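Order of the sequence lines fixes the chain letters, A, B, ..., with proteins taken first and strands second; residue numbering starts at 1 for each chain. Side chains are part of it too, since the values below use all heavy atoms of this structure and drop only hydrogens, waters and symmetry mates. Just so you know, these numbers come straight off a predicted model, no measurement behind them.
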Amino acid sequence: MSTIEDLKTAVINGRRKDVKTLVPELLESGIEPAALLSQALIPAMGVVGERFKKNEIFVPEMLVSARAMKEAMSVLEPKLLEAGIRPEHTALIGTVEGDLHDIGKNLVATMWKGAGFDVVDLGVNVPAARFIEAIEEHEPHIVGLSALLTTTMPAMRDTVAAIRDAGHTSVKLLVGGAPITQSYADEIGADGYSRDAASAVDAAKAALGV
Amino acid sequence: MKYKTLAIADPAKLIYGVAPRPIETRHGMRIGGGLIYPELNFTLPDINIRKEAMPEIARHYKQIVTEALERAAELEAPGVMLEFETLPPMTEHPALGMEVVNILLEGIERAHDKYGLKATLRCTPNDNREFVRPPLMRSGRYWDAMLELFDQSAAAGAEFLSIESVGGKELHDDALVNGDLRAVLFSLCVMGVRDMQFIWDHIVAIAAKHGVHAAGDTACGFGNTAMVLAERKMIPRVFAAVVRAVTAVRSLVAYECGAVGPGKDCGYENPVLKAITGCPMSMEGKTAACAHLSPMGNLAAATADLWSNESVQNIKLLGGMAPTCYMEQLVYDCRLMNTASAEGEASALKMRDWLVKSDAGLDPQAMILTPESSVAIAHAIVESPSYYAAGIAAARAAVKILRETSESGCLRIDSREAGWLDRMDDELDDMPDTEDAFIGEMMEEVDLEKFTPADYGLPTPVSA
Ligand code: B12
């Protein structure tokens, strides 16, 4: 008989096909969808994230695991929703207006998903008004802003200010990107900063106080 | 494919400062004619680029050109190339870009009058076409504005036109983070090549109209993205090295369309292109650490005709404003190399070999660009019947070089990376025989929301 541990191992090793058969099998055996998520998928991505942080694996290997998790989620998500279980944390993420760099932002989104966050990716070149609209629609706990150009750092500052001015004072704003520093984050009033994707989950959790 | 043989087939002749097809500038620099010259690049500190900010922006560029050229003259540089690589709003609104072009051209003339300094300008409008998603590659306001800036800057006196074009990149970032060589080949050799043919026909025509030089492109958004990702330990270095070899196929197209060099600094594939075309090339290495890190800071200089710093913000350092400091570093690097060549061919070769040897064994991406490797990859490309075949051949040549040099102990490869050589070989073995077959397969796999096949002259799949 397969176990939750088998599913965790399959995700860690990025074996999508195994995941595809394991998930229905485990559900069939009476295990709750929420348990699969919290005891197999999220811990698996935690292991993968940790390996990546320690430079034991590369991004392509991490993404194979992320895709395996996605495979499992495609089955679990509707069931979780049916049972009224929503992800504990919702995050919005986007690259600020005028900036098209998104590789780093995408990796941060992947890490957040791996940690079980519901992530809404707004893409690149996102104006402040679009962030605000999406905050009103999705009511996220965290908003991630990315900027890679010194000339779009002002757009990041303006976006932070616009979100606050629109009355969204409790949502946690996290910022990142090559030219961004902790002191710049402090200066523009962001709640958190991380210098890479590997520590973006910790930064988000710290900002949320969990 | 136009080039069937190599302009430089002997690795010993692939050397800095000398290109079989040198270029003369108005003020008398002979690029590739024996000397290596500095090429200075610069950018703004954090400023929101808007019309209202133009006085402040103008002050920055005026300060950059005045102070950096003054330092070049004090250090008796034999000549200087300035590159103005625009920031997105400056291409979107050519009037903003032109304001800067004119400031730089005036600065160049002032320095010529005042110090007799030979300087010249390369104008590189940034490629804004991907501001709409999926990008509009062959029409629309971003395309029109970019051509306008090329045209106006050439008319105003920019002697060299370049671009860091993005055609094919829609799929390439994902290909990189997924370590997917097949998708890399599709992005570079199917999509990239087609876009290069389209864009470079236009740039060459504009250059001809104004009697200036269509210089060259760079696969920066492809190869350097891979390099930066490898540098951050996100993807394997051997993979980034093979990607680099394949980028040469895409960048070559500019020269086939009539570009004459110097190829753009951030194209680390340039040594391969110099071997094929004989055109002079700009390169960047250790002096570009202000912009990004690289594993070949010395080696990059070995075959360069211009030596660049890629980009630095106009901020104050202890020695002076950053562009002036970088000008000094570039001038000193060039002075040392030119001193070696002045002593004769043997000294120049010695200098070149030191530059190569100090990096080559330590990183696969460096090993792939030694003069010997560059010529081997260049051979693989020109012997291929099509761009598709050339991409596969370049990748195979690169894997072979990495395998052989690591087995012989000349190259160190991280143990985590060794398996990637086999993985890439397997992927290459599985490539279909013809490009048509490849396109047929890929069009069923790729995400059609990311690009418009018709913009690449590619068929839209029936299923779409
Ligand atoms: C790849 C790249 C590109 C690619 C982008 C591909 C893509 N889809 O993103 C392309 C070729 C398109 C590109 C274009 C341009 N680029 Co560019 N690019 C780079 C490069 C080489 C690497 C960026 C990258 O992907 N790094 C790898 C990722 C993984 O790292 P990262 O982005 O830093 O993200 C990590 C962290 O910062 C953090 N993070 C990032 N975002 C967030 C968000 C949150 C919430 C958190 C918590 C953390 C976080 O976690 C990430 C993962 O570890 C940098 C060089 C550099 N030093 O950064 C230049 C660089 C940023 N680009 C530059 C320039 C100038 C441009 C162009 C204007 C070039 C031109 N003239 O054509 C255009 C601008 C386009 C635009 N409007 O945005 C300059 C910027 C100079 C300046 N003035 O600021 C740089 C520094 C290169 C240089 N030295 O000149 N570029």
Side-chain angles (χ1 to χ4, degrees), chain A residues 14 51-67 94-111 121-128 147-159 161 177-181 184 187-188 195-198, chain B residues 43-50 53 57 86-90 92 126-133 135 166 169-170 172-181 183 221 225-226 228-230 232-240 291-293 311-315 414-417 419-420 423 449:
Chain A
R51 284 188 184 169
F52 175 63
K53 211 170 178 173
K54 288 197 213 136
N55 294 326
E56 289 170 10
I57 56 168
F58 293 109
V59 171
E61 287 134 352
M62 184 170 88
L63 292 183
V64 175
S65 294
R67 273 198 299 273
T95 303
V96 300
E97 186 164 22
D99 204 320
L100 300 176
H101 294 83
D102 67 356
I103 298 177
K105 178 213 69 178
N106 294 348
L107 289 175
V108 172
T110 303
M111 297 307 266
D121 188 342
L122 300 177
V124 295
N125 188 24
V126 183
L148 263 285
L149 296 167
T150 49
T151 49
T152 53
M153 288 167 72
M156 178 179 266
R157 177 196 296 267
D158 294 349
T159 306
I180 310 300
T181 58
Y184 187 75
E187 190 189 314
I188 65 173
R195 64 187 300 252
D196 54 42
Chain B
T43 188
L44 293 170
D46 45 341
I47 294 182
N48 198 345
I49 307 172
R50 287 165 307 173
I57 290 171
T86 63
L87 287 157
M90 302 171 177
E92 188 181 352
N126 76 294
D127 192 347
N128 273 341
R129 290 176 295 170
E130 53 173 356
F131 258 101
V132 275
R133 299 287 168 100
V166 297
K169 223 185 54 59
E170 299 94 313
H172 197 262
D173 294 333
D174 276 349
L176 288 181
V177 291
N178 286 302
D180 182 350
L181 189 53
T225 301
V228 170
L229 292 174
R232 301 222 186 151
K233 306 186 173 59
M234 292 189 165
I235 61 173
R237 287 162 189 270
V238 290
F239 180 68
H292 62 77
L293 307 182
S311 184
V312 70
Q313 293 148 258
N314 192 38
I315 50 172
D414 190 288
S415 58
R416 277 182 313 153
E417 300 205 353
W420 279 79
R423 174 177 161 159
E449 282 181 12

Asker: For the pair A:Thr151 and B:Met90, evaluate side chain to side chain contact (heavy atoms under 4.5 Å, CB included) and give the outcome as yes or no after the intermediate values.
Answerer: CA-CA 12 Å; A:Thr151 49; B:Met90 302 171 177; over 6 Å; no
Asker: Can you measure from CD1 (A:Ile180) to CG (B:Asp46) and round to the nearest 0.5 angstrom?
Answerer: 8.5 Å
Asker: Looking only at heavy atoms and a cut-off of under 4.5 Å, which of B:Ile235, B:Asn128, B:Thr43 has the most pairs with chain A?
Answerer: B:Ile235
Asker: Heavy-atom cut-off 4.5 Å, strictly under: side chain, backbone, both or neither for A:Asp102 against chain B?
Answerer: side chain
Asker: If I measure from the heavy atoms of chain B, does A:Ile57 come under 4.5 Å with its side chain, its backbone, both, or neither?
Answerer: backbone
Asker: Which pair of heavy atoms, one from B:Met234 and one from A:Pro60, lies closest together, and at what distance?
Answerer: O-CD, 3.5 Å
Asker: Below 4.5 Å from any heavy atom of chain A, which atoms of B:Gln313 appear? Answer side chain, backbone, both or neither.
Answerer: side chain
Asker: What distance separates A:Asn125 CG from B:Glu130 CD, expressed to the nearest 0.5 Å?
Answerer: 10.5 Å
Asker: Just checking A:Glu187: does its CD atom have more than 12 heavy atoms from other residues, nucleotides or ligands closer to it than 6.0 angstrom?
Answerer: yes
Asker: Can you find a pair of side-chain heavy atoms, one from A:Val59 and one from B:Leu229, that are under 4.5 Å apart?
Answerer: no
Asker: Can you find a heavy atom in the side chain of B:Asp173 that is under 4.5 Å from one in the side chain of A:Asn106?
Answerer: no
Asker: What part of A:Leu100 gets closer than 4.5 Å to chain B, counting heavy atoms only: side chain, backbone, both or neither?
Answerer: both
Asker: What's the spacing between A:Thr152 OG1 and B:Asn48 CG if we round to 0.5 Å?
Answerer: 9.0 Å
Asker: Within the 4.5 Å heavy-atom criterion, are A:Phe58 and B:Phe239 side-chain neighbours or not?
Answerer: no
Asker: Specify the closest pair of heavy atoms between B:Arg416 and A:Glu56, including all atoms of both residues, with the distance to one decimal.
Answerer: CD-O, 3.2 Å
Asker: What's the separation between atom CG in B:Asn178 and atom CZ in A:Arg67, rounded to the nearest 0.5 Å?
Answerer: 4.5 Å
Asker: With a 4.5 angstrom heavy-atom cut-off, could you sort out which part of B:Pro45 is near chain A: side chain, backbone, both or neither?
Answerer: backbone
Asker: Between CG of B:Asn314 and OG1 of A:Thr150, what distance do you get to the nearest 0.5 Å?
Answerer: 11.0 Å
Asker: Locate the shortest heavy-atom distance separating A:Pro154 from B:Ile47; write the atom from each residue and the value.
Answerer: CG-C, 3.9 Å
Asker: Which bit of A:Val64 comes within less than 4.5 Å of chain B, counting heavy atoms only: side chain, backbone, both or neither?
Answerer: neither
Asker: Does B:Lys233 form a side chain to side chain contact (heavy atoms under 4.5 Å, CB included) with A:Phe52? I'd like the steps, not just the answer.
Answerer: CA-CA 9 Å; B:Lys233 306 186 173 59; A:Phe52 175 63; over 6 Å; no
Asker: Taking atom CZ as the centre, does B:Arg133 end up with more than 12 heavy-atom neighbours from other residues, nucleotides or ligands that are less than 6.0 angstrom away?
Answerer: yes
